[in-house]
Amino acid sequence: MNAVPKQPIEVDVDEWAVMAPGASAGRWDLYHRLRHESPRLKHRDRIFLATYEDCRYVLSSAVQFVNGIDRNGASTQAIRAALDPARRSRFDAVIDHQQRWMTSRNGASHAELRGLANRVFTPRAIADMQDRIQREVEMRLQELAQRESVDIVAEFAYQLPMTIISEMLDIPMSLQDGIHRAWLLMTGIIGADASRIPDVIDDAYAGMMDLEIRMREVIELRRRSETTDLFARLLRAIEDPGCTATESDIVAIVTQMVIAGHQTTQDTIGSALYELLSNREQWQALVADSTLIPNAVEEVLRFRSPAQMIERTAASRVCLDDFEISAGERVVCLLASANRDEKLFANSEVFDIRRENARQHLGFSRGIHFCLGAALSRMEAISVLSTLTRLYPNTKLLERDVRWTPNRFLLGVEALKVALSA
Ligand code: HEM
C-alpha cells in the first residue's frame with residue numbers, strides 16, 4: 001500500500017465541488033496531485049482515498065466500511081446544530097429518505113432489499129430489453145437525423161435510459177420528468193459541504209416530498225390495474241412469508257432504480273460521444289470494427305467515471321498500513337482517481353478504446369453494493385454506439401467547448417451539439 005507523505009497536500013478539496021463554469025480540468029489535476037502527493041488525505045471531516053488499491057479495499061470491506069450517514073457522528077450533529085428548528089426537521093426527513101435507499105443499507109437490511117431487487121432485475125429481464133432498446137435507439141436517432149444540429153444529451157441521452165427503466169418498472173411517462181426534476185433538487189444536498197446545507201436544504205426537501213408523492217401516485221395507479229412489470233412483482237414479493245420488507249422499502253428500491261438508472265447512463269452516453277467524436281481516429285476505428293465497442297464503453301467508464309466518488313463510514317478503527325482511520329470517520333473513495341491510477345492503467349490520462357484492462361475500472365463500485373444496473377447501462381451504451389457508427393458514421397461534434405456538470409459526485413456533459421450524418 002502507499003506511503004503517506006509527511007506534509008499534507010495544500011489544496012482545498014471542497015473547492016472543486018463548484019468548478020464554475022462547469023469545466024472539468026481542475027478535478028483531474030487535483031486527483032493526480034492527490035495520487036502522487038497525498039493518496040490518503042485527512043481534510044476537514046473526511047478522509048480522501050485516491051488510489052485504486054485503497055478504494056478497492058474499502059469498497060470490498062463491507063463490514064469495516066459501512067454505507068449510510070452516521071446520524072450520531074460529529075459532522076451530522078454539527079450540521080443539525082447549525083440549522084433552525086424548521087430546517088433541522090427538513091434535514092432529518094431528507095436523511096431518513098436517503099437512509100431507506102439500498103446504497104445506504106448494510107448487513108441483513110441491505111441483503112434483503114438486494115435479494116428482492118435481484119429476484120426481478122435478473123439477467124434474463126435485462127436481456128429481454130435488448131430488442132426494445134435497439135428499436136428505441138434507432139427510432140430516436142432517425143428522428144434527430146432530420147435536423148442540422150442536435151443536443152444529443154438533452155434530446156437523446158437523457159430520454160433513452162429514462163424510457164427504458166421506466167418501461168421496465170411501468171412508470172407513466174407523465175411522471176418521468178417530475179421524478180428527474182425532483183432528483184435534481186435532491187442532488188443539492190448529496191455531498192454538499194456542511195456549510196452549504198442551510199442554503200440547499202429547502203430545495204432538497206421539496207424535491208424529496210415531490211418524489212414521494214409521485215411514487216405513491218405510481219402505486220395507486222398500479223392498484224387499479226393488474227400489471228406484471230418489475231415494480232408490481234416487487235410489491236407482490238413483500239407478501240411472501242418471511243419477507244420483512246415494507247411498501248416503503250419497495251418505493252425506495254424503485255426510486256433508486258429510476259434515479260440511479262437514468263442520470264449515470266445519460267452521463268456515460270454523453271461522455272462517450274464527447275470523447276469519441278473529439279478523438280476522430282478512435283471513432284473511425286469503431287466504424288470499421290464494431291467488436292471494439294464494448295471495450296470502448298468500459299474505457300469511457302474508466303476515463304470519465306460518471307460516479308466520481310463514493311462515501312463510506314469506518315465501523316471500527318482501521319489501519320491502512322500506518323494510516324489510521326478512527327471508528328465513525330467518513331471515507332471518500334475517489335473512484336475517478338482510482339480509475340486513472342497509473343499503477344494499474346498505463347498512460348492513465350489518455351483515452352484509449354483498445355486498453356486491455358479497461359474493464360477493471362471501479363466505475364460500478366465493488367463488493368456487495370456493486371451496481372445493480374451495470375449490465376443494463378452497458379447494453380444501452382453499446383446499442384447507442386453501434387447504431388450511430390453503423391447508420392451515422394459521419395456524425396460530427398459541432399462544439400468542442402462543453403460544460404461538465406458542476407457536481408462533485410457525478411460527472412457528465414451538460415449539453416453536446418452534434419450533426420448526425422450518414
Ligand atoms: C453507467 C451507468 C451507471 C453507473 C456509472 C452506476 C454506478 C453505480 C455505483 C458506483 C454504485 C455503487 C454505490 C456504492 O457502492 O455505494 C451503484 C449502485 C447501484 N446502482 Fe448503478 N450505476 C449505473 C447505472 C445503473 C442503472 C441503469 C441502474 C438501474 C437499475 C442502477 C441501479 C443501481 C442500484 C439500485 C444500486 C445500489 C446497489 C446496492 O446498494 O446494492 N445503476 N451504481
Side-chain angles (χ1 to χ4, degrees), residues 55-56 58-62 65-69 98-118 120-123 125-126 129 133 157-158 160-169 171 183 190-191 230-231 234 249-272 297-313 330-336 338-339 359 361-385 409-412:
C55 290
R56 189 183 54 181
V58 168
L59 296 174
S60 309
S61 311
F65 294 97
V66 296
N67 280 26
I69 292 162
Q98 288 180 10
Q99 295 291 70
R100 291 206 302 273
W101 286 23
M102 216 187 299
T103 26
S104 303
R105 306 221 187 187
N106 300 292
S109 164
H110 171 263
E112 177 160 48
L113 254 58
R114 181 77 190 214
L116 281 170
N118 286 343
V120 301
F121 206 73
T122 56
I126 296 165
M129 291 306 286
I133 292 170
Y158 159 62
L160 175 73
M162 187 56 135
T163 303
I164 298 302
I165 193 71
S166 298
E167 271 188 30
M168 291 179 88
L169 295 161
I171 309 273
W183 155 243
I190 297 176
L230 303 192
F231 198 160
L234 282 168
D249 292 330
I250 300 304
V251 170
I253 297 178
V254 169
T255 307
Q256 191 172 7
M257 279 185 183
V258 177
I259 285 172
H262 84 274
Q263 181 73 52
T264 44
T265 311
Q266 165 189 322
D267 291 339
T268 305
I269 296 169
S271 294
V297 170
E298 300 307 321
E299 178 64 353
V300 173
L301 290 164
R302 181 197 75 82
F303 189 71
R304 285 294 175 193
S305 304
Q308 293 270 298
M309 63 196 77
I310 296 179
E311 293 200 2
R312 296 287 189 261
T313 302
R330 291 293 276 171
V331 177
V332 183
C333 296
L334 296 168
L335 302 183
N339 286 341
R359 206 179 159 94
H361 65 77
L362 297 178
F364 290 122
S365 187
R366 275 289 157 100
I368 63 166
H369 294 280
F370 182 81
C371 176
L372 179 75
L376 179 65
S377 48
R378 282 178 166 135
M379 189 189 279
E380 289 175 356
I382 290 170
S383 171
V384 171
L385 293 186
F409 274 75
L410 302 169
L411 184 73

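Every number for a ligand or one of its atoms is a count from 1 in the order of the listing. Atom set for the values below is all heavy atoms of this structure, side chains included, hydrogens, waters and symmetry mates excluded.
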Shortest protein contact, [atom] (heavy atom only):
{"atom": "atom 1 (C) of ligand 1", "answer": "Thr268 OG1, 3.0 Å"}
{"atom": "atom 36 (C) of ligand 1", "answer": "Gln256 NE2, 3.9 Å"}
{"atom": "atom 30 (C) of ligand 1", "answer": "Phe121 CZ, 3.4 Å"}
{"atom": "atom 13 (C) of ligand 1", "answer": "Thr103 CG2, 3.6 Å"}
{"atom": "atom 40 (O) of ligand 1", "answer": "His369 ND1, 2.7 Å"}
{"atom": "atom 5 (C) of ligand 1", "answer": "Gly363 O, 3.7 Å"}

Where on [X] is there a heavy atom closer than 4.0 Å to ligand 1, on the side chain, on the backbone, on both, or on neither?
{"X": "Trp101", "answer": "neither"}
{"X": "Arg312", "answer": "side chain"}
{"X": "Ile368", "answer": "backbone"}
{"X": "Arg114", "answer": "side chain"}
{"X": "His110", "answer": "side chain"}
{"X": "Leu301", "answer": "side chain"}

Would you call the rings of Tyr158 and His262 parallel, tilted or perpendicular, where under 30° means parallel and over 60° means perpendicular?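 Rings of Tyr158 and His262: perpendicular, over 60°.
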Closest approach of [X] to [Y] (non-hydrogen atoms, all atoms of both residues):
{"X": "Ser365", "Y": "Phe370", "answer": "O-CD1, 3.2 Å"}
{"X": "Arg312", "Y": "Val58", "answer": "CG-CG1, 4.0 Å"}
{"X": "Arg105", "Y": "Asn67", "answer": "O-CB, 4.0 Å"}
{"X": "Ala117", "Y": "Met102", "answer": "CB-CE, 3.8 Å"}

Could you tell me if the side chain of [Y] sits less than 4.5 Å from the side chain of [X], heavy atoms only?
{"X": "Asn118", "Y": "Leu372", "answer": "yes"}
{"X": "Leu376", "Y": "Thr265", "answer": "no"}
{"X": "Leu301", "Y": "Pro306", "answer": "yes"}
{"X": "His361", "Y": "Leu335", "answer": "no"}
{"X": "Phe231", "Y": "Met257", "answer": "no"}
{"X": "Phe65", "Y": "Cys333", "answer": "no"}

Is the side chain of Ser305 donor-acceptor paired with the backbone N or O of Gln308 at a distance under 3.5 Å, no angle test?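 A pair under 3.5 Å: no.
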Within ligand 1, which atoms have a heavy atom of Asn67 less than 4.0 Å away?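 Result: 16 (O).
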Under a 4.0 angstrom heavy-atom cut-off, which atoms of ligand 1 come close to Met257?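 So the atoms of ligand 1 that pass are 29 (C), 30 (C).
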Which protein N, O or S atoms lie under 2.8 Å from atom 21 (Fe) of ligand 1?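 Near atom 21 (Fe) of ligand 1, the protein supplies Cys371 SG.
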Which one of Leu234, Val258, Leu230 satisfies the side chain to side chain contact (heavy atoms under 4.5 Å, CB included) criterion with Ile253?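 For Ile253, the side chain to side chain contact (heavy atoms under 4.5 Å, CB included) test succeeds with only one of Leu234, Val258, Leu230, which is Leu234.
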